[in-house]
Structure formats: C-alpha cells, structure tokens
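The structure under discussion appears below in the form of structure tokens.
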Amino acid sequence: MQRITIGESTFSCQPNETVLETLLRENIKVPHGCRQGLCQACQMRSLDNSPPTSSQVGLKDTLQKQHYFLACLCHPEQDMTVALPNQQGASIEARVVSKQLLSPDIVQLILEYQSPFSFFAGQFVNLKRPDGLTRSYSIANIPLAKNILEFHIRRLPNGQFSSWVYDEVALDAQLSISEAQGACHYLPGRAEQPLMLVGTGSGLAPLYGIIADALAQDHSGPIHLFHGSRDINGLYFIDEMRKLAAEFDNFHYTPCLSGEDIDSEYLRGRADDLALSSTETLSGWRVFLCGHPEMINQAKKTAFMKGASINDIYTDAFHVFQVEK
Ligand SMILES: Cc1cc2nc3c(=O)[nH]c(=O)nc-3n(C[C@H](O)[C@H](O)[C@H](O)COP(=O)(O)OP(=O)(O)OC[C@H]3O[C@@H](n4cnc5c(N)ncnc54)[C@H](O)[C@@H]3O)c2cc1C
C-alpha cells in the first residue's frame, strides 16, 4: 500500500484507489470534476517521486517535466508527497546585485540567492518585499553557476510594486522569492521544430530566457521573435537582439510598434498580427506568447486556427492583480 503525504498529513492509498479518491476519503479538499482525466481540474504536483506516466496523459510536456499529474488518474506506484498547484513551497531570500534602466519604462533587476533554487528560464516567481507586498515576475535568464535571477519590470503609473522597484529599490535590498512556477518554458527535444515567439513590452523577459535556453540547447529550427509595443519606450534590448540574430543564422528578430507616428525603422503594427500573418501555417510550430493578457487571448486563438497544436502553445499572461498583501 502506497502512502500519500500532503502538507503535514500522510494517508494510505487503498488498493485500486486513486490519489483523488484517497484524499477525498480523508476530507482533503481537492478541486475535481469529471474524474476521467478530461477536465484536468484535479491537477496536482508530486514533490518527490515521478508520478506514473498514465496520470500525466493530456498535460503539457512542460508540466509533465515538473511532475504535475491528474489525481483522478493516479494509481501511485510508490509513496508520493503531493501538493495542489497553488500550494507554494518554501520561499528563499535574495538580494539586489544590479539595477539598471533598459528603457525609460523598464528596469532590469538582478537578484542573487544562496539557497538551492531550481527553475526554467521563462517561468515566473512571486517577489515579496519586506512589508509583504507581492507580485509575479518572469525569469529572463537561464540557470547559471552564478545563482542569479534576472527580471525586467515595467513601471505602471502608480503601480505599487513596479514604482517601488523603479524609484526606491537599492543595491543590497532583500526580497523573498517563491518557488518558480508556470509552464511557459523551453524543453529540449524536437530541435528542428520552428519556434514563434511573440511578446509585448516586458513580455520580452520570459522570451529572452526561452531564446537563450533554446540556443544554449542547440535548437536548430528557425526561431522567430516578434517584440511589440505601442511606443518606443516599451521596446528594449534592440541591439542585443540584433547581435544575437547576427550570431545565430536560425534566430530572426522583428521589433514592431503599433502606435501613431512611428519611425520607419520598425515594422508597423501589432506584434501578434505581424507574427501570425508572417507564415502561411503554424502546423508543427511551437508558439510562445507573453505579455498583455488580451493579446495572448487573441493570439492563442489565431495560432490555433492557423494549425498550431494546443499542446504546442505556451503562454505567460501578465495579469495585473494583487497576489497578496
Ligand atoms: C505570471 C505573471 C508574470 C508577470 N511577469 C511580469 C514581468 O516579467 N514583468 C512585468 O513588468 N510585469 C509582470 N507581471 C505583472 C506584475 O505581476 C504586476 O502586476 C505589475 O508589475 C503591476 O504591479 P504594481 O504593484 O506595480 O501595480 P498595482 O499596484 O498592482 O496596480 C496596478 C494598477 O495599474 C493599472 N494598470 C494596469 N495596466 C496598466 C497600464 N498598462 N497602464 C497604466 N495603468 C495600468 C491597473 O488598473 C491597476 O490599478 C506578471 C504578472 C503575472 C501574473
């Protein structure tokens, strides 16, 4: 009989019982619906052992890699420590080691941490400042020996966290960081697959990490980045991206501006429209969409209509709301 640990409690899974049935029998509240692996409402994560592959059917490859599984399909083959997706692991402390403007509106913040921390470039963390105000930000760098995390934070007018970062945060300031979350990241394999990446404003942050990761892992298929903003203040890393495109034949970079009176150096229009109309079909492509939630909603539908498999569309929507205060 396998044992299931959740939080401080451990339960025995009866023969033929699923993890969902065990937890519900023990009055643990687990969201669930169809109990057939279709609605995916009972998604959980194993914190130690790999879940059986039969319990990961239909989940995105990036979620499978992070040991997510469907509790209603999971007949455990070994003891498991599990958590609901919104149950956070322990936070770690980090300190600011660099802060610089990337554009008049966007700050690059680099934090250094000491405790063990694992992540994929493109995932996000919740940053908490000393008074408890917490916001999500996407990781722009790949894991390095140096124990650093890079963030690109756009200042919103009167935005509590982003204005604080922009105006007040100084070197050596301490922040706490949640564990890395989210399924929008690169996985090796299918190295010849064409990649389409579309981001608006600081939506370049996760894409920058994903591109660095793909190139570091020898992705050989074409990689197309369309980075858009209404005005020039929302575009940044233009020289870095052009340099990367000169260095790697398979990387193509298109900065786009959608506002009025735009300099002709840049393609005119919305990044998602320009990106998704630049190819006849997206069948067989991997698509990454990051930034403004409305752009992502619309572009996701269009990418699907143009042939991209829903399992090959990865999104990181920058919803603006308070995580906790
Ligand atoms: C998964 C995820 C990843 C994210 N990653 C990033 C990232 O990498 N970089 C990044 O910059 N942000 C990112 N965000 C957004 C970030 O979490 C914050 O929501 C954002 O920085 C605003 O927080 P704030 O405290 O400054 O604003 P708040 O104090 O929360 O105030 C937001 C206020 O600004 C208003 N507002 C919203 N949009 C605009 C706008 N365009 N112009 C003017 N006002 C506006 C809202 O109505 C609201 O009143 C991410 C969000 C999520 C959910």
Side-chain angles (χ1 to χ4, degrees), residues 60 62-63 66 85-86 88 91 94 96 98-111 119-142 148-169 173 175-185 197-213 225 227-237 257-259 270-271 288-297 300 313-325:
K60 268 197 149 49
T62 43
L63 290 175
Q66 296 172 49
N86 57 2
Q88 303 255 315
S91 297
V96 176
S98 167
K99 172 180 161 182
Q100 61 171 327
L101 278 185
L102 299 178
S103 84
D105 283 349
I106 295 173
V107 178
Q108 178 197 53
L109 203 62
I110 298 185
L111 304 184
F119 67 93
F120 293 98
Q123 284 193 293
F124 68 92
V125 294
N126 293 329
L127 294 185
K128 193 198 254 187
R129 66 182 197 191
D131 70 353
L133 187 75
T134 306
R135 294 289 183 272
S136 308
Y137 293 101
S138 307
I139 304 171
N141 64 298
I142 53 179
I148 58 158
L149 293 173
E150 172 179 341
F151 302 97
H152 304 165
I153 300 180
R154 174 167 170 248
R155 175 165 67 165
L156 289 188
N158 303 319
Q160 292 178 78
F161 201 101
S162 59
S163 298
W164 173 73
V165 168
Y166 196 94
D167 296 325
E168 292 179 44
V169 163
L175 288 160
S176 69
I177 304 176
S178 72
E179 64 181 340
Q181 301 164 58
C184 184
H185 60 82
L197 302 99
V198 184
T200 48
S202 52
L204 182 61
L207 298 180
Y208 184 61
I210 288 165
I211 292 164
D213 206 4
L225 168 67
H227 183 210
S229 170
R230 189 169 320 202
D231 58 45
I232 190 69
N233 290 347
L235 286 187
Y236 61 96
F237 271 3
L257 291 175
S258 59
R270 284 173 45 134
F288 295 90
L289 306 168
C290 300
H292 203 288
E294 268 171 40
M295 179 282 281
I296 289 178
N297 259 341
K300 190 174 176 183
I313 304 177
Y314 300 84
T315 62
D316 189 3
F318 289 6
H319 291 284
V320 175
F321 53 81
Q322 295 203 359
V323 179
E324 120 193 358
K325 164 75 184 151

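For clarity, every value in this text was computed on a predicted model and none was experimentally measured. Heads up: numbering here begins at 1 and tracks the sequence. Each ligand, and each atom within it, is numbered from 1 in the order the structure gives.
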Quick check: does [X] get an N/O under 3.5 Å from an N/O on ligand 1?
X	value
F161	yes
H152	yes
D316	no
S202	yes

Subject >> Under 4.0 Å to a heavy atom of I153 - the qualifying atoms of ligand 1, by number >> reply: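 Counting atoms of ligand 1 from 1, those under 4.0 Å from I153 are 11 (O).
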Subject >> F161 six-ring face occupied by R135 cation (under 6.0 Å, within 45°) >> reply: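 Judged by the rule, R135 and F161 form no cation-pi pair.
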Which bit of [X] gets closer than 4.0 Å to ligand 1, counting heavy atoms only: side chain, backbone, both or neither?
X	value
V320	both
F124	side chain
A140	neither

**OP:** Counting heavy atoms only, name the option from R135, H292, E150, Q123 that's nearest to atom 23 (O) of ligand 1.
**Re:**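 The residue whose heavy atom sits nearest atom 23 (O) of ligand 1 is R135.
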Original post:
Does I153 offer a backbone N or O that forms a donor-acceptor pair with the side chain of Q108 under 3.5 Å?
Top reply: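 No, Q108 side chain to I153 backbone: no donor-acceptor pair under 3.5 Å.
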**OP:** Would you indicate whether the side-chain heavy atoms of Q181 and N126 approach each other to under 4.5 Å?
**Re:**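 N126 vs Q181: side chains touch.
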Subject >> Pairwise side-chain contact, F318 with S138, heavy-atom cut-off 4.5 Å (strictly under) >> reply: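 In short, these two side chains touch, coming nearer than 4.5 Å.
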**OP:** Check whether the ring centres of Y208 and F237 lie less than 6.0 Å apart, and answer yes or no.
**Re:**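 Between Y208 and F237, the centre distance is under 6.0 Å.
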Subject >> F119/H185 under ring-ring contact (aromatic ring centres under 6.0 Å, His included): CA gap, chis, key distance, verdict >> reply: CA-CA 10 Å; F119 67 93; H185 60 82; over 10 Å; no
**OP:** Grab the two heavy atoms, one from V125 and one from I139, that are nearest each other, plus how far apart they are.
**Re:**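 Here V125 and I139 meet closest at CG1-CD1, 3.9 Å.
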